[in-house]
Peer 1: 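Below you'll find the structure I mean.
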Amino acid sequence: MTLDAAAVTGWFREHARDLPWRRPGFSAWGTLISELMLQQTQVARVVPVVEEWLRRWPTPADLAAASQADVLRAWGRLGYPRRALALHACAAAIAERHGNRVPEDVDELLALPGVGDYTARAVAVFAHGGRHPVVDTNVRRVLARAVDGVAQPAAPSARRDLPAMSALLPEDLEEQRLFNAGMMEIGAVLCTARAPRCDECPLRRSCAWRAAGSPAHDGPPVRRQPRFEGSDRQRRGRVMAELRASDVPLTEAELARAVPEAARILEGLERDGLAARAEGGWALPA
DNA sequence: AAGCCGGGGGT
DNA sequence: ACCCCAGGCTT
């Protein structure tokens, strides 16, 4: 055995954070919403928004009946608003093709917009109790350290990552669910990329990385990410904020006061379905 | 395989 | 002031 699954589930039973999507009775639809929101956004920012969404749109059909503009406004500042449109499209597909119930089958989940390898399995496991490996970046880091003894995982590869996690999954249905959740939780709160809290880790006694003296990453340098300040991502965010805040269409000149490159940015937003030409200017899509 | 896509939090 | 974070999609 290369990793003590019981240590993970035991720790998780005791130390799991109390989060809305872990409450008993939280719906499968709520799980799909929260997983989409959590794809790139921190837990603390997601919590109030997912609760508001569920009050407002308790089933997929409810969300499907909303306008894209209302959905984008409710998305607020969570970032990457294409996810809001994806969720809206998920709602329509589920209402029309799946009887208003979130699918349990991984391949059916993968067919939904915005749902990839991670989200499909997370929903199958956490919403429906299915037995599947759930691999996000936290899990990949925990496996890299605890099993492989290196500081950072190799480039993501579903062909390698899924079988690696699968081999460690407990047979018991409840245990595998806790194991999947526990591995993510360890990666999120203990086995963090920087300053891991190994002293509190349930895997500290068997961790290959710790046993090797926690060597620094020795591979090629991690790719540096582009600056956000002055980026088109920042400009797009600013234009979207203007459109969300206005009840009436805004002219290109008005938007250019907030973002000088508004004309070019709007072309991109229109291509992505996030902005639409309206009388006298631009607005959120209807 | 690499680049794009928001916004906030930690150091 | 700077660096880090992270899943899905497109090219």
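What you see is a predicted model, and the numbers here were worked out from it, not measured in a lab. Per chain, numbering begins at 1; letters A, B, ... match sequence-line order. In what follows, every heavy atom counts, from backbone to side chain, and hydrogens, waters and symmetry copies are set aside.
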Peer 1: Between C1' on B:dG6 and CD on A:E229, what's the gap in Å once rounded to a whole number?
Peer 2: 13 Å
Peer 1: Once you round to the nearest 0.5 Å, how far does CD of A:Q176 lie from CZ of A:R131?
Peer 2: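 Separation between the atoms: 6.0 Å.
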Peer 1: Would you kindly compare A:G237 and A:P156 by the position of their nearest DNA chain B nucleotide and give the one closer to the 5′ end?
Peer 2: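 Comparing both residues, the 5'-ward one is A:P156.
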Peer 1: Under a 4.0 Å N-O cut-off, is there an ion pair linking A:D117 with A:R159?
Peer 2: no
Peer 1: What is the separation between atom CZ on A:R197 and atom P on B:dG10, rounded to the nearest whole Å?
Peer 2: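 One finds 12 Å between P of B:dG10 and CZ of A:R197, rounded.
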Peer 1: Respond yes when some side-chain nitrogen or oxygen of A:T41 is under 4.0 Å from OP1 or OP2 of C:dA6, and no when none is.
Peer 2: no
Peer 1: Using Watson-Crick or G-U wobble pairs with both distances under 3.5 Å, give me DNA chain B in dot-bracket, 5' to 3', with [ ] for crossers and | for pairs to another strand.
Peer 2: |||||.|||||
Peer 1: Look at all strands and tell whether A:A193 reaches a base, only sugar-phosphate, or nothing, counting heavy atoms closer than 4.0 Å.
Peer 2: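 A:A193: backbone/sugar contact only, no base atoms under 4.0 Å.
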Peer 1: Quick check: any donor-acceptor pair below 3.5 Å linking the side-chain of A:Q225 to the base of C:dA6?
Peer 2: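 Present.
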Peer 1: Run A:E175 and A:T9 through side chain to side chain donor-acceptor pair (under 3.5 Å) and show every step you take.
Peer 2: CA-CA 7 Å; A:E175 281 291 297; A:T9 59; 3.0 Å; yes
Peer 1: Give the residues of residues 71-86 of chain A touching DNA chain B, defined as any heavy atom closer than 4.0 Å, sorted by residue number.
Peer 2: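 Under 4.0 Å from DNA chain B: A:R77, A:L78, A:G79, A:Y80, A:P81, A:R82.
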Peer 1: Rounded to whole Å, please give me the gap between CZ in A:F228 and C1' in B:dC5.
Peer 2: 10 Å
Peer 1: For a 4.5 angstrom cut-off between non-hydrogen side-chain atoms, does A:V142 reach A:W209?
Peer 2: no
Peer 1: Between A:D4 and A:R205, is there a salt bridge with N-O shorter than 4.0 Å?
Peer 2: no
Peer 1: Please pick, from B:dG6, C:dC4, C:dA6, the nucleotide with the shortest atom-to-atom distance to any side-chain atom of A:R194.
Peer 2: C:dC4
Peer 1: Please state the C1' separation for the pair C:dC9 and B:dG8 - nearest whole angstrom.
Peer 2: 23 Å
Peer 1: Could you tell me whether the side chain of A:R83 and the main chain of A:L36 form a donor-acceptor pair under 3.5 Å?
Peer 2: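 Judged by distance alone, yes, a pair lies under 3.5 Å.
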Peer 1: A:Q39 has an atom CD; how far is it from atom P of C:dC5, in whole Å?
Peer 2: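 In whole Å, C:dC5 P lies 18 Å from A:Q39 CD.
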Peer 1: Quick check on DNA chain C: between A:Q42 and A:V115, whose nearest nucleotide comes earlier from the 5' end?
Peer 2: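 Here A:Q42 is the residue nearer the 5' end.
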Peer 1: When the distance from CG of A:D272 to P of C:dT11 is rounded to whole Å, what number comes out?
Peer 2: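 Whole-Å distance recorded here is 10 Å.
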Peer 1: Any Lys/Arg nitrogen of A:E261 or A:R264 sitting under 4.0 Å from an Asp/Glu carboxylate oxygen of the other?
Peer 2: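 Not counted as a salt bridge, because no side-chain N and carboxylate O are separated by less than 4.0 Å.
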Peer 1: Grab the CE-P distance between A:M184 and C:dC5 for me, whole Å please.
Peer 2: 18 Å
Peer 1: Nearest 0.5 Å, what's the CD1-OG distance between A:I33 and A:S27?
Peer 2: 7.0 Å
Peer 1: Across the strands shown, which category fits A:N138 at heavy-atom distances under 4.0 angstrom: base, sugar-phosphate, nothing?
Peer 2: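 Sugar-phosphate only.
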Peer 1: Do A:L38 and A:W57 sit in the same hydrophobic cluster, where Ile, Leu, Val, Met, Phe, Trp and Tyr count as joined when their side-chain heavy atoms come under 4.5 Å apart?
Peer 2: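 Linked, A:L38 and A:W57 end up in one cluster.
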Peer 1: For a quick check of understanding: with a heavy-atom distance under 4.0 Å over all strands, which category does A:S231 fall into, base, sugar-phosphate or nothing?
Peer 2: nothing
Peer 1: In whole angstrom, give the distance that lies between atom CE of A:M37 and atom C1' of B:dG8.
Peer 2: 17 Å
Peer 1: In whole angstrom, give me the gap between the P atoms of B:dG6 and C:dC2.
Peer 2: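 So the two P atoms sit 23 Å from each other.
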Peer 1: Using whole Å, report how far CE of A:M240 lies from P of B:dC4.
Peer 2: 20 Å
Peer 1: Want to settle it: does A:A195 or A:L269 sit nearer the 5' end of DNA chain B, counting the closest nucleotide to each?
Peer 2: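 Counting from the 5' end, the first nearest nucleotide belongs to A:L269.
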Peer 1: What is the distance from atom CZ of A:R210 to atom SG of A:C191, rounded to the nearest 0.5 Å?
Peer 2: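 If we round to the nearest 0.5 Å, A:R210:CZ and A:C191:SG are 11.0 Å apart.
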Peer 1: On a whole-Å scale, what distance lies between the C1' atoms belonging to B:dG9 and C:dG8?
Peer 2: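 Pairwise C1' distance, B:dG9 against C:dG8, rounds to 23 Å.
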